[in-house]
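Report on the following structure.
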Amino acid sequence: MLQLNYIRENKADIIKRLAIKNFDAAEIVDHVIKFDDLRKITQKELDDILSTSNKLAKEIGNLYSSEQHEKAEEAKEESINLKKTAKELEQKLNDTVNNLNSFLIELPNIPHNSVPSGKSDADNELMHEEGVIPELAEGSLPHWDLASKYNIIDFDLGSKVTGAGFPFYRGKGARLQRALINFFLDEALAQDYIEYQPPLLINSDSGFGTGQLPDKEGQMYFISEDDLYLIPTAEVPITNIYRNTILKEDDFPIKNVAYSSCFRREAGSYGKDVRGLNRLHQFDKVEIVQVQHPDKSYNTLEEMKDQIAALLRKLELPFRIVRLCGGDLSFASALTYDFEVFSAAQKRWLEVSSVSNFENFQANRMKLRFKDENGKSRLAHTLNGSALALPRIVAALLENNQSELGIVIPEVLRSYTRFDIID
RNA sequence: GGAGAAGUGGCAGAGUGGUCGAACGCGGCGGUCUUGAAAACCGUUGAUCUUCACGGAUCCGGGGGUUCGAAUCCCUCCUUCUCCGCCA
């Protein structure tokens with residue numbers, strides 16, 4: 001959510017920059033300012049009424065204690081009238097604030113200056129590419145075939161027990177997953193992150209705080225009985241730790257890491273993009289979250305980017321980094337880098353991480369503030385990134401490392417898997 | 001799941017209808033004293049909206065209500081604690 005004062009002071013600039021997200025903000029901004037004006041006026045009127053009513057109430061108290069009952073009754077009469085007016089104004093103020101908010105939450109975050117314009121992922125900016133794209137031998141298999149060949153992931157069994165997109169991992173497949181989780185967590189701990197195990201269900205306040213609600217309501221599994229949502233990412237519970245808090249400046253940087261399962265309905269997805277591990281309803285991910293001083297958040301973003309690149313390098317996977325264009329950037333993000341690994345049998349790049357700076361967009365929704373050096377409350381900046389999402393990493397490892405002997409485990413993982421090869 | 005108790009400022013803890021945004025204490029900050037520090041003493045110390053400012057309004061778990069007036073009374077939801085039941 002954008003800050004009201006910022007909108008008022010930078011109207012033209014906001015409209016211009018949101019155009020990069022292909023979002024026409026002109027009308028909404030006008031509504032926001034109009035309703036905010038009305039809000040201020042109404043608030044003032046109400047405050048004045050309440051002020052006189054408060055004075056009157058005190059007076060009535062005094063009149064009673066000095067036994068002037070008649071005068072007190074008169075004052076009561078007047079007070080009741082004031083109250084009626086106050087009720088009406090309150091209603092009006094309420095409506096106005098609701099209108100204001102309904103427009104305010106429609107505005108996406110403003111893209112960073114470096115964000116290129118563009119319509120879709122085709123217009124993303126390739127920033128970096130490294131690693132050797134493996135030449136696979138004749139007869140090489142995509143990961144879903146490898147999964148059944150070595151009996152390490154069972155999609156059909158998942159369909160039977162739950163439904164499509166909920167695979168079972170078995171034997172060395174399960175152990176590989178566990179190894180990756182531990183590897184990713186240990187790498188983050190070495191960078192001074194604090195490890196968390198969050199709840200996997202969140203309430204609607206939390207969903208609103210990070211921006212999933214109301215925008216992506218249909219993408220989350222909802223438990224209506226208890227009014228709770230399954231988390232689509234650990235970002236939600238981990239960032240919401242700081243909802244409605246005021247930090248001290250020396251609390252920065254806050255660096256948290258969490259492993260969790262993630263649940264996504266993925267309504268509307270279909271076709272070859274969702275085959276095998278490419279897109280699941282339930283998957284595992286290690287997520288890094290930082291809360292940072294506004295002046296430092298972009299340095300932090302670069303640091304997180306480097307950290308994620310180092311993970312892929314250690315796993316010996318060929319990868320590239322793209323800067324998302326305006327059209328591909330999420331609602332809440334100001335700048336996002338996507339990491340993609342090359343999956344050699346599918347011959348395509350798979351997104352395995354997304355690292356974003358939300359600036360104060362989430363912080364404003366969840367009232368995450370800090371005291372600056374002058375003792376003033378200011379909104380903090382929030383960032384997060386996957387480090388990393390498991391399924392597509394597994395897909396690339398299986399495909400890229402297949403050989404006649406089996407699937408070769410990268411050196412760095414062997415102390416975690418305690419096997420060298422899946423055969 | 002059943003029965004009971006409670007939720008007040010960073011912490012601790014008073015306040016049960018009027019002058020309470022809230023005593024006292026601790027902590028924090030500033031000062032006096034000191035070569036420096038501690039101690040002692042003095043002062044100060046919540047958030048949000050609004051205003052150039054003075055000021056005004058709102059907030060005592062959340063929401064609603066009673067009343068001229070609510071931290072204080074009523075309803076409801078949430079959370080915590082105790083006892084019983086169940087259970088990994």
Side-chain angles (χ1 to χ4, degrees), chain A residues 1-9 32-105 197-209 213 223-229 237 240-252 254 261 360 362-380:
Chain A
M1 194 159 73
L2 301 178
Q3 290 184 98
L4 264 172
N5 284 338
Y6 186 80
I7 295 173
R8 300 187 76 101
E9 286 160 24
V32 164
I33 292 174
K34 188 187 81 194
F35 280 115
D36 191 40
D37 287 340
L38 184 60
R39 185 198 116 245
K40 285 185 184 181
I41 293 165
T42 313
Q43 179 84 64
K44 178 84 174 78
E45 285 175 45
L46 176 61
D47 284 359
D48 288 346
I49 300 272
L50 289 175
S51 181
T52 44
S53 161
N54 285 344
K55 286 196 192 102
L56 203 55
K58 277 181 190 168
E59 218 175 292
I60 292 168
N62 291 334
L63 288 173
Y64 272 122
S65 51
S66 59
E67 303 280 320
Q68 296 175 265
H69 292 280
E70 235 171 78
K71 279 193 172 178
E73 292 302 323
E74 277 172 38
K76 264 196 194 180
E77 203 73 22
E78 194 184 339
S79 192
I80 290 168
N81 283 332
L82 281 174
K83 206 178 165 171
K84 224 181 109 197
T85 318
K87 257 278 183 331
E88 285 163 18
L89 281 169
E90 225 166 78
Q91 186 56 50
K92 186 179 169 193
L93 182 64
N94 241 318
D95 293 347
T96 308
V97 168
N98 286 341
N99 279 324
L100 173 61
N101 284 337
S102 70
F103 284 109
L104 204 51
I105 60 171
Q197 286 192 21
L200 304 182
L201 297 170
I202 47 119
N203 57 31
S204 56
D205 284 346
S206 294
F208 180 81
L213 293 175
I223 319 266
S224 58
E225 180 96 25
D226 298 290
D227 252 341
L228 297 170
Y229 297 84
N240 272 285
I241 291 171
Y242 307 98
R243 173 153 47 84
N244 280 323
T245 56
I246 300 179
L247 300 165
K248 295 191 290 286
E249 209 161 332
D250 58 10
D251 290 331
F252 295 132
I254 289 172
S261 292
N360 64 25
Q362 292 182 328
N364 193 33
R365 289 178 153 244
M366 64 173 79
K367 302 289 164 258
L368 195 191
R369 290 160 297 176
F370 70 101
K371 289 268 190 212
D372 69 10
E373 67 269 30
N374 303 317
K376 280 197 64 177
S377 291
R378 291 176 60 191
L379 294 171

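Here is how names work: the chains are called A, B, and so on, in the same order as the sequence lines, proteins then strands, and each is numbered from 1.
- The residue A/Ile60 sits close to a base: some heavy atom pair falls under 4.0 Å.
- As rounded to whole Å, 8 Å separates atom P of B/rG69 from atom CD1 of A/Ile80.
- A/Ile202 places its CD1 atom 18 Å from the P atom of B/rC78, with the value rounded to the nearest Å.
- Nucleotides B/rG17 and B/rU66 place their C1' atoms 12 Å apart, quoted to the nearest Å.
- The partner of B/rA88 cannot be assigned: no Watson-Crick or G-U wobble pair with both contacts below 3.5 Å exists in any strand.
- A distance-only check finds a donor-acceptor pair linking the side chain of A/Asp251 to the backbone of A/Lys248 [under 3.5 Å].
- Judged by distance alone, the side chain of A/Asp372 and the main-chain N or O of A/Lys376 form a donor-acceptor pair under 3.5 Å.
- Residue-level contact check: A/Asn54 touches the backbone only, with heavy atoms under 4.0 Å from sugar-phosphate atoms and none from bases.
- Only the P atoms considered, B/rA3 is 27 Å distant from B/rG63, to the nearest whole Å.
- Close to B/rA47, at under 4.0 Å from its OP1 or OP2, lies no side-chain N or O of A/Arg369.
- Of the nucleotides present, none pairs with B/rA53 by Watson-Crick or G-U wobble criteria with both distances under 3.5 Å.
- Across all their heavy atoms, A/Leu50 and A/Ala86 have their closest contact at CD2-CB, 4.4 Å.
- B/rC78 sits 39 Å from B/rG25 when the P atoms are compared, rounded to a whole Å.
- Nearest-nucleotide positions on RNA chain B place A/Leu50 closer to the 5' end than the other of A/Leu56 and A/Leu50.
- B/rG4: Watson-Crick or G-U partner is B/rC81, with both key distances under 3.5 Å.
- Among B/rU48, B/rG18, B/rA57, the nucleotide with an atom closest to any side-chain atom of A/Asp47 is B/rA57.
- With hydrogens and angles disregarded, no donor-acceptor distance shorter than 3.5 Å links the side chain of A/Ser53 to the backbone of A/Ile49.
- Under 4.0 Å is where a charged nitrogen must lie from a carboxylate oxygen, and between A/Lys40 and A/Asp47 no such pair does.
- One can place CG of A/Asp48 at 17 Å from P of B/rC54, the figure rounded to the nearest angstrom.
- Spacing between B/rG15 and B/rG9 at atom C1', rounded to whole Å, works out to 14 Å.
- Annotation: B/rC11 and B/rG27 have their P atoms spaced 16 Å apart (nearest Å).
- Below 30°, between 30° and 60°, or above 60°: for A/Phe252 and A/Phe370 the angle between ring planes is above 60°, a perpendicular geometry.
- Remark: B/rU44 base-pairs with B/rG28. Criterion, Watson-Crick or G-U wobble with two distances under 3.5 Å.
- Summarising the geometry, the separation between NZ on A/Lys76 and C1' on B/rG17 is reported as 13 Å, rounded to the nearest angstrom.
- Comparing the C1' positions of B/rG21 and B/rC86 gives an interatomic distance of 46 Å, to the nearest angstrom.
- Pair check for B/rG18 finds B/rC68; Watson-Crick or G-U wobble, both atom distances under 3.5 Å.
- Rounding to whole angstrom units, OH of residue A/Tyr64 and P of B/rG17 are separated by 17 Å.
- The distance from atom NZ of A/Lys248 to atom P of B/rG46 is 16 Å, rounded to the nearest whole Å.
- One C1' atom belongs to B/rC29, the other to B/rU48, and the distance between them is 23 Å to the nearest Å.
- You'll find a donor-acceptor pair under 3.5 Å spanning the side chain of A/Lys83 and the base of B/rU67, going by distance alone.
- To the nearest whole angstrom, the two C1' atoms, one in B/rU44 and one in B/rA5, are 38 Å apart.
- When Watson-Crick and G-U wobble pairs are counted only if both distances are under 3.5 Å, B/rC33 pairs with no nucleotide at all.
- If you check every strand for non-hydrogen atoms under 4.0 Å, A/Ser377 touches sugar and phosphate atoms only.
- Going from atom NZ of A/Lys44 over to atom P of B/rC54 covers 14 Å, rounded to whole Å.
- In this structure, A/Lys371 places its NZ atom 15 Å from P of B/rC29, rounding to the nearest Å.
- Residue A/Lys367 is out of contact with every strand shown, counting any heavy-atom pair closer than 4.0 Å.
- For A/Gly61 and A/Ser51, each mapped to the nucleotide of RNA chain B holding its nearest heavy atom, the one lying further toward the 5' end belongs to A/Gly61.
- A/Asn203 contributes a side-chain N or O that, together with a main-chain N or O of A/Ser206, makes up a donor-acceptor pair within less than 3.5 Å.
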